[in-house]
Every structure is written in structure tokens, then in C-alpha cells.
Amino acid sequence: MTEQRTWTGHVFIATSVDGYIARPNGALDWLIDRPGPTGDGGYSEFAATIDHMLMGRGTYEAVAAFDPWPYTRMKVIVLSSTLTAVDDRVTVVRSLPEAIAALTAAGAERVYIDGGRVIQSCLAVGLIDDLVISRVPVLLGEGISLFGALPADVQLESLGVAPIGGGMVQERYAVVR
Ligand SMILES: NC(=O)c1ccc[n+]([C@@H]2O[C@H](COP(=O)([O-])OP(=O)(O)OC[C@H]3O[C@@H](n4cnc5c(N)ncnc54)[C@H](OP(=O)(O)O)[C@@H]3O)[C@@H](O)[C@H]2O)c1
């Protein structure tokens, strides 16, 4: 699946120290209602390199009401087998192979991959090239996990670890092929 890939996949995400990206009900208060990183933690710099985004339905439903819409500089594809009505800011695809085909047909070069289940699906089939994980200094105990089961180990090379303010630590990894 990865041999003909003409684009690279990139994760930029915040987690609790115990690896959750949201509470079980999707709440992000633990991330939002606290001192943030200095500046935006490098998000603007990251986003400026991105031309397409692939997100899951769960993430789409969390961000759909954001005003203003934060993804104006990238084309957004939502992966969902169930969504029926969406706005014209996004394109919906029904499966990961369909997402890959759409990204390739669109001439994607650098794809921002977001949402726990989508990231897990993409990691499992080798569609992610690097990850930036900003850890919030809190243990939630339960929630929506960033990572899950894999068919095989995914070897990572550390590209650095740095404090980014607000008590957060940012880890950067490249996926080793
Ligand atoms: N902390 C952060 O930085 C951060 C970042 C992003 C998101 N979040 C939070 O994370 C939560 C969403 O994460 P999530 O893991 O629940 O959801 P997600 O990955 O955004 O979306 C999951 C949904 O995407 C579709 N999907 C995923 N993989 C698929 C595949 N291989 N093939 C077909 N469809 C697939 C399915 O939709 P259907 O059921 O419709 O088929 C699935 O239910 C939200 O609460 C959001 O706010 C946090």
C-alpha cells in the first residue's frame, strides 16, 4: 500500500502523559482550560507545511463548530462510513483505501493525519512518517487513546524532546522504515 505513495503523513497532536487525546466523552477541558505552550507550540510552523488533512469522523464532529474554521490553508478529507450530511469545507471518504486514492489523485504532498482511530489505522499500514506529540502534564486515567493495537512494532527514531512552556513537553519522532 505504501510503495506508490506520493505524499507523506504527519501527526501533530496533544496527549495527556498517559496517552489520551480526549476524555471518554470527547471532552478537551484538560487541554484547553490550562496554561498552554509558549506561542502555539510550533503548530503554525507545522501547518504551513501541510497541503491536505485526513481526519476521522470523531475529530470532524469535534471541530465542525469551530469558528473560525481552523483549516483554511489545507484541503480536509473526513474518513467516515456513516456521515451523511457535511458542509462544503470537507470531502468525505468511506474507507482508508478511498482516502489514499483521493489524496493521491489530489496531488497531496504533506498530509496532516488527525484523530485517534485514524492515526491508529494509518500507523498500522505505514502511512505515517513522523509524529509530534505534545504531552500535557496530567494523568486522565481513561479516555480516547492516541495509540492502540498494531500488526507489528513500529520503530521510531527520536528527533528531539523539548519543554514548550505551560509544563508541556514536546516529543518528535520519525517512523523508521
Ligand atoms: N488532543 C488532541 O490534540 C486531539 C486531536 C484530534 C482529535 N482529538 C479528539 O479525539 C476525539 C476523536 O478521536 P477518535 O479516535 O474518537 O476518532 P477519529 O479517528 O477522529 O474518528 C473515528 C471515526 O473515523 C472513521 N474511521 C476511522 N478509521 C477508519 C478507517 N480505517 N476506515 C473507515 N473509517 C474510519 C470512523 O467513522 P464512522 O464510525 O463514521 O465510520 C470512526 O468512528 C475527539 O474527541 C477529538 O476532540 C484530540
Side-chain angles (χ1 to χ4, degrees), residues 1-2 5 9-37 39-47 50 52-67 69-71 74 76-87 89-103 111-128 130-151 154 164-173:
M1 184 177 285
T2 57
R5 185 157 57 102
H10 308 273
V11 171
F12 190 106
I13 202 160
T15 76
S16 62
V17 166
D18 49 353
Y20 297 110
I21 59 170
R23 292 190 191 277
N25 65 358
L28 297 173
D29 57 290
W30 56 276
L31 171 64
I32 294 167
D33 302 339
R34 53 158 287 110
D40 65 2
Y43 175 77
S44 299
E45 195 178 344
F46 166 77
I50 295 295
H52 285 72
M53 181 171 191
L54 175 63
M55 67 171 68
R57 174 180 55 83
T59 298
Y60 171 71
E61 289 178 342
V63 301
F66 282 11
D67 186 16
W69 176 247
Y71 309 114
M74 54 192 89
V76 178
I77 294 176
V78 178
L79 184 50
S80 171
S81 60
T82 60
L83 268 178
T84 50
V86 289
D87 53 76
R89 300 171 300 189
V90 305
T91 300
V92 177
V93 294
R94 299 300 183 193
S95 67
L96 196 50
E98 195 181 325
I100 293 166
L103 288 164
V111 181
Y112 178 11
I113 296 175
D114 207 17
R117 285 189 46 197
V118 167
I119 290 170
Q120 291 168 28
S121 298
C122 289
L123 270 174
V125 296
L127 295 176
I128 290 178
D130 56 45
L131 306 97
V132 178
I133 301 170
S134 300
R135 293 205 185 264
V136 175
V138 63
L139 300 171
L140 298 178
E142 61 179 347
I144 298 173
S145 290
L146 172 55
F147 298 120
L150 288 166
V154 174
I164 57 170
M168 296 173 69
V169 173
Q170 190 171 77
E171 305 164 11
R172 298 187 305 119
Y173 299 98

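Ligands are counted one by one from 1 in listed order, and the atoms in each one are counted from 1 as well.
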Atom indices of ligand 1 within 4.0 angstrom of G26 heavy atoms, with elements: 45 (O)
Which heavy atom of the protein is the closest neighbour of atom 21 (O) of ligand 1, given with residue, atom name and distance? G58 N, 3.0 Å
Nearest heavy atoms of G41 and I164, plus distance in Å: CA-CD1, 4.4 Å
What residue and atom, counting heavy atoms only, is the protein's closest point to atom 1 (N) of ligand 1, and at what distance? A14 O, 2.7 Å
Aromatic ring proximity Y43/F12, centre distance under 6.0 Å: yes
With atom 43 (O) of ligand 1 as the reference point, say which of R94, R23, R117 has the nearest heavy atom. R117
Specify the protein heavy atom at minimum distance from atom 7 (C) of ligand 1: its residue, its atom name, and the distance to 0.1 Å. T59 OG1, 3.2 Å
Apply the side-chain contact (heavy atoms from CB on, under 4.5 Å) test between I13 and each candidate in I119, T59, V132; give the one that qualifies. I119
Measuring from I133:CD1 to F147:CZ, what's the distance to the nearest 0.5 Å? 4.0 Å
Does an N or O anywhere in I13 fall below 3.5 Å from an N or O of ligand 1? no
Nearest option to atom 24 (O) of ligand 1, as decided by whichever heavy atom of E98, Q120, M55, R57 sits closest: R57
With the side chain counted from C-beta on, respond yes when F46 and D40 share a heavy-atom pair under 4.5 Å apart, and no when they do not. no
First locate atom CG of L54, then atom CG of L127, and finally report the distance between them rounded to the nearest 0.5 Å. 8.5 Å
From CA spacing to verdict: side-chain contact (heavy atoms from CB on, under 4.5 Å), I128, Y173: CA-CA 11 Å; I128 290 178; Y173 299 98; over 6 Å; no
Donor-acceptor pair, R23 side chain versus E142 backbone, under 3.5 Å? no
What's the separation between atom NE2 in H10 and atom CD1 in I50, rounded to the nearest 0.5 Å? 5.5 Å
Ligand-residue contact atoms, ligand 1 with G115, heavy atoms, under 4.0 Å: 18 (P), 19 (O), 20 (O)
Compute the shortest N/O to N/O distance between G116 and ligand 1 and return yes if it is under 3.5 Å, no if not. yes
Y71 ring center within less than 6.0 Å of F66 ring center: no
How far is atom 40 (O) of ligand 1 from the closest protein heavy atom, and which atom is that? T82 OG1, 2.4 Å
Ranked by distance from atom 47 (O) of ligand 1, the top protein heavy atom is A62 CB, 3.2 Å
Checking heavy atoms under 4.0 Å, the part of I144 that sits near ligand 1 is side chain
Among all the protein's non-hydrogen atoms, which is closest to atom 18 (P) of ligand 1, and how far away is it? G56 CA, 3.7 Å
Looking at D18 and G141, what are the two nearest heavy atoms and their distance? OD2-N, 2.7 Å
Tell me the protein heavy atom at minimum distance from atom 28 (N) of ligand 1, and give that distance in Å. S121 OG, 3.5 Å
Can you tell me which residue and heavy atom of the protein come closest to atom 5 (C) of ligand 1, and the distance to 0.1 Å? D114 OD1, 3.4 Å
For ligand 1, the portion of L28 having any non-hydrogen atom under 4.0 Å away: side chain
Any nitrogen or oxygen of S81, main chain or side chain, under 3.5 Å from a nitrogen or oxygen of ligand 1? yes
Region of S80 engaging ligand 1 - heavy atom pairs below 4.0 Å: both
Heteroatom proximity flag, A22 to ligand 1, N/O under 3.5 Å: no
Verify, without hydrogens or angle tests, whether D114 (side chain) and M55 (backbone) share a donor-acceptor contact under 3.5 angstrom. no
